[in-house]
Amino acid sequence: MLKGANIVFDLDGTLVDTAPDLTSALNHALTRNGHLGVSAATVRSAVGLGIRVMIEETLRRLSASDDVDEMLAEFRILRGEYRTGEPALPWRRRRA
């Protein structure tokens, strides 16, 4: 199978900076729900504890009372993590 292979997991963004992608998806979900977008710095400050906490913290900072589960579902659709695993955002689509 993968005998002798190394597998690397980047769970904290040290190998790949995903903050711009997370910011784009979160801002899209926020604006679709009538809120202003947030900066990448705001997302970076809330990203280390998982997507749910990032959304909860962002909504708290916006003094918004949206349903976190609904926002999480929308965020996952936008991140392409829902059902098919295919990117839903046009700027994330891979070129053939």
Side-chain angles (χ1 to χ4, degrees):
M1 208 178 335
L2 294 174
K3 195 171 190 174
N6 292 321
I7 299 174
V8 178
F9 293 94
D10 179 27
L11 302 178
D12 65 356
T14 55
L15 299 177
V16 178
D17 182 10
T18 57
D21 195 35
L22 294 171
T23 303
S24 295
L26 180 59
N27 282 340
H28 195 81
L30 288 169
T31 57
R32 288 181 68 163
N33 287 281
H35 303 292
L36 296 175
V38 295
S39 69
T42 298
V43 172
R44 279 189 176 93
S45 71
V47 78
L49 299 173
I51 296 170
R52 174 178 283 282
V53 173
M54 179 184 71
I55 292 171
E56 289 171 344
E57 178 62 18
T58 300
L59 291 174
R60 185 190 67 75
R61 289 179 184 195
L62 295 173
S63 299
S65 59
D66 296 55
D67 183 289
V68 174
D69 290 326
E70 288 180 20
M71 185 73 73
L72 180 60
E74 181 150 6
F75 179 87
R76 285 184 170 155
I77 289 169
L78 295 167
R79 282 278 299 176
E81 297 172 358
Y82 185 74
R83 294 182 198 238
T84 65
E86 291 296 318
L89 297 173
W91 55 88
R92 291 192 70 229
R93 290 201 174 103
R94 295 184 183 109
R95 295 181 185 201

Item to complete: Please lay out, stage by stage, how His35 and Asn27 fare under the test side-chain contact (heavy atoms from CB on, under 4.5 Å).
Response: CA-CA 8 Å; His35 303 292; Asn27 282 340; over 6 Å; no
Item to complete: Identify which one of Ile55, Leu59, Leu36 satisfies the side-chain contact (heavy atoms from CB on, under 4.5 Å) criterion when paired with Leu30.
Response: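 Only one of Ile55, Leu59, Leu36 forms a side-chain contact (heavy atoms from CB on, under 4.5 Å) with Leu30, namely Leu59.
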Fill in: Met71 side, atom CE; Met54 side, atom CE - distance, nearest 0.5 Å
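If I round to the nearest 0.5 Å, the distance is 10.5 Å.
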Item to complete: Rounded to the nearest 0.5 Å, what's the gap from CG on Leu22 to CD1 on Ile51? Could you check?
Response: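 It is 7.0 Å, given to the nearest 0.5 Å.
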Item to complete: Specify the closest pair of heavy atoms between Ala25 and Phe75, including all atoms of both residues, with the distance to one decimal.
Response: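 Looks like CB-CE1, 3.6 Å.
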Worksheet item: For Glu57, which residues count as a salt bridge (charged side-chain N to carboxylate O under 4.0 Å, His left out) partner, sequence neighbours excluded?
Response: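 Residues passing salt bridge (charged side-chain N to carboxylate O under 4.0 Å, His left out) with Glu57: Arg60, Arg61.
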Worksheet item: Taking atom types as modelled and ignoring hydrogens, do the side chains of Thr42 and Ser39 form a donor-acceptor contact shorter than 3.5 angstrom?
Response: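 Per modelled atom types, Thr42 and Ser39 side chains form a pair under 3.5 Å.
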Fill in: Side chains of Glu74 and Glu70 in contact at under 4.5 Å (non-hydrogen atoms)
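Sidechains of Glu70 and Glu74: no contact.
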